[in-house]
There are 2 protein chains.
Amino acid sequence: MSLPHAILTALLEKPSSGLELTRRFDKSIGFFWSATHQQIYRELGRLERAGHIRALPSAAPTRGGRKAYEVLPAGRAELAAWTAARDEPRPLRDALPVRLRAAAVVGTEGLAEELTRHLELHRRRLADYRAIAARDFPEGPDVPGDARTRLHHVVLDGGVRMETFWIEWLSEALEAVRLIEAGDQDSPADPGPV
Amino acid sequence: MSLPHAILTALLEKPSSGLELTRRFDKSIGFFWSATHQQIYRELGRLERAGHIRALPSAAPTRGGRKAYEVLPAGRAELAAWTAARDEPRPLRDALPVRLRAAAVVGTEGLAEELTRHLELHRRRLADYRAIAARDFPEGPDVPGDARTRLHHVVLDGGVRMETFWIEWLSEALEAVRLIEAGDQDSPADPGPV
DNA sequence: CATCGTTGTGCAACTAGTTGCACAACGCCT
DNA sequence: AGGCGTTGTGCAACTAGTTGCACAACGATG
């Protein structure tokens with residue numbers, strides 16, 4: 001139940017139309033809470049009906065015309081309540097570990113390639129994050145000033161840490177898979193003298 | 001689309017009834033692909049209809065009676081195909097970073113408490129993983145023997161790394177929030193002489 | 001032996017997220 | 001002026017995951 005809140009946050013940072021939101025989701029909030037444009041439009045409709053946001057008066061009311069939204073006090077209150085509320089972490093659901101366990105039963109065929117591919121994806125994403133960090137926080141990690149900047153920095157750093165985690169783990173997994181596949185023709189678990 | 005495959009993996013490791021699967025999900029595969037008993041029962045039905053698994057003949061056919069399932073060759077083939085297939089990582093969706101950004105706009109009230117709580121959750125989970133590691137891989141991380149053991153070790157180590165990531169990041173976030181809240185009465189971004 | 005809690009299986013209804021398509025408006029281009 | 005690609009908005013239908021409840025079977029217990 002966080003998409004509406006992610007949208008409220010984005011709109012508070014800057015009032016936007018559906019497409020602008022979609023774009024910004026693709027390169028900032030969406031790193032941590034991804035959403036397609038369909039989800040966003042639907043949610044904008046709901047939020048408007050709920051009185052949490054409203055279309056800026058300047059916006060054209062016709063279909064196909066762009067509409068920009070801004071957050072109303074009720075929306076801000078809702079967001080503040082959500083931020084302070086107790087909320088359990090959502091259950092983890094990631095396919096790769098499952099695939100490794102499946103491979104332990106049905107064989108590692110094709111896995112190394114996939115691991116390599118994912119590794120590359122995460123490397124790329126880490127590079128993106130670092131680029132953003134260099135642009136937005138050129139001072140480096142220390143004393144970034146006001147509260148807002150600090151918090152944004154922490155969030156971005158979360159992204160960096162997360163990708164680093166993936167890269168390390170995928171490397172470990174890849175190494176294990178390669179060892180196993182080398183051992184298949186060679187010797188099962190005894191590679192060399194002592 | 002991985003729940004059926006997680007179930008196939010679990011069933012290959014050991015034929016089980018719905019409830020047994022649910023239990024095992026709660027303490028092993030489910031760490032990485034969580035599922036409720038409802039999802040599992042529904043999926044067992046689908047897998048049976050698809051000819052990927054079958055109820056063990058010994059099982060009682062009545063409602064309420066326990067039924068154990070085993071994987072058929074078609075199911076194993078399907079699992080092998082999935083393991084080798086190309087599959088994109090699923091989009092990330094985590095509420096905490098979003099909440100931090102929301103807090104950057106509406107204030108950090110209540111956040112420190114939540115961060116502390118989550119930190120504690122992840123610490124506990126890390127301890128669980130370490131306990132499992134101590135039980136299942138008492139030799140330590142090196143040369144764990146056959147392919148199966150190696151892969152299981154890699155998966156578990158993924159859990160350990162993941163929780164470690166959370167703990168580190170949450171600590172950083174918590175520190176930032178506390179600094180900000182201290183600064184609220186104090187000085188905004190200049191704590192001390194020099 | 002009745003009823004009561006526990007274990008195990010399952011349906012139904014709901015919420016969230018995805019995919020595919022429709023179509024208006026706008027700016028070009030010729 | 002007619003057609004053509006791009007931008008922006010949106011509906012509809014589907015898949016995945018969640019929640020709440022129903023109910024059979026089994027064993028304990030007054």
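Protein chains get the first letters and strands the later ones, always in sequence-line order, with residue 1 at the start of each.
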Could you check if a side-chain atom of Thr149(B) sits within less than 4.5 angstrom of a side-chain atom of His153(B), using non-hydrogen atoms only? no
Give a yes or no answer on whether the side chain of Trp169(B) reaches the backbone of Val154(A) with a donor-acceptor pair at less than 3.5 Å. yes
Is any side-chain heavy atom of Phe25(A) closer than 4.5 Å to a side-chain heavy atom of Leu3(A)? yes
Atom CG of Leu3(B) to atom P of dG17(C): distance rounded to whole Å? 18 Å
Does any part of the side chain of Ser34(A), heavy atoms only, come nearer than 4.5 Å to the side chain of Leu92(B), both counted from C-beta? no
Given dG8(C), dG10(C), dG10(D), the nucleotide with the shortest approach to the side chain of Tyr69(A): dG10(D)
Are Ser17(A) and dG8(D) close enough that a side-chain N or O sits under 4.0 Å from OP1 or OP2? no
Do Arg125(A) and Leu121(A) come close enough that some side-chain heavy atom pair is under 4.5 Å? no
Just N and O in the side chain of Arg23(B): are any of them under 4.0 Å from OP1 or OP2 of dT7(C)? no
Whether Tyr41(B) contacts dG10(C) is assessed here as follows: a side-chain N or O lying under 4.0 Å from the phosphate OP1 or OP2. Is that the case? no
Suppose we screen for salt bridge (Lys or Arg N to Asp or Glu O under 4.0 Å). Which residues come up paired with Glu109(B), at least two apart in sequence or across chains? none
Taking atom C1' of dG8(D) as reference, at what distance in whole Å does atom CG of Leu44(A) sit? 13 Å
Taking the side chain as everything from C-beta on, heavy atoms only, tell me whether Arg178(A) gets closer than 4.5 Å to Glu175(A). no
State, yes or no, whether a side-chain contact exists between Ser28(B) and Arg101(A) at a heavy-atom distance under 4.5 Å. yes
Within residues 7-16 of chain A, find the residues that approach DNA chain D with a heavy atom at under 4.0 Å, and present them sorted by residue number. none
Rounded to 10°, the angle between the first-five-pair and last-five-pair axes of the helix from dC1(C)-dG30(D) to dT30(C)-dA1(D) is 20°
When the distance from CD of Glu43(B) to P of dG17(D) is rounded to whole Å, what number comes out? 9 Å
Interatomic distance, Ile40(A) CD1 vs dG17(C) P [rounded to whole Å]: 12 Å
Nearest to side-chain heavy atoms of Arg90(A), which nucleotide of dG17(D), dT7(C), dG17(C): dG17(C)
Does Ile167(B) belong to the same Ile/Leu/Val/Met/Phe/Trp/Tyr cluster as Phe165(A), with side-chain heavy atoms less than 4.5 Å apart forming each link? yes
In whole angstrom, give the distance that lies between atom CG of Leu19(B) and atom C1' of dC26(D). 14 Å
Tell me whether Glu120(A) at atom CD has more than 12 heavy atoms from other residues, nucleotides or ligands lying less than 6.0 Å away. yes
Applying side-chain hydrogen bond (donor to acceptor under 3.5 Å, both in side chains) to His52(A) and not counting sequence neighbours gives none
Nearest-Å distance for atom pair CD/P, residues Glu48(B) and dT9(C): 13 Å
Filter on salt bridge (charged side-chain N to carboxylate O under 4.0 Å, His left out), then keep only pairs touching residues 90-99 of chain A, sequence neighbours left out; what's left? Arg99(A)-Glu114(A)
Calculate the interatomic distance between Arg46(B) atom CZ and dC14(D) atom P; express it in whole Å. 15 Å
What does the list of N/O pairs under 3.5 Å between the protein and nucleotides 18-21 of chain D look like, with a distance for each?
from: dT18(D); atom 1: OP2; to: Arg93(A); atom 2: NH2; distance (Å): 3.0
from: dT18(D); atom 1: OP2; to: Gln39(B); atom 2: OE1; distance (Å): 3.0
from: dT18(D); atom 1: O4; to: Arg42(B); atom 2: NH2; distance (Å): 2.8
from: dG20(D); atom 1: O6; to: Gln38(B); atom 2: NE2; distance (Å): 2.9

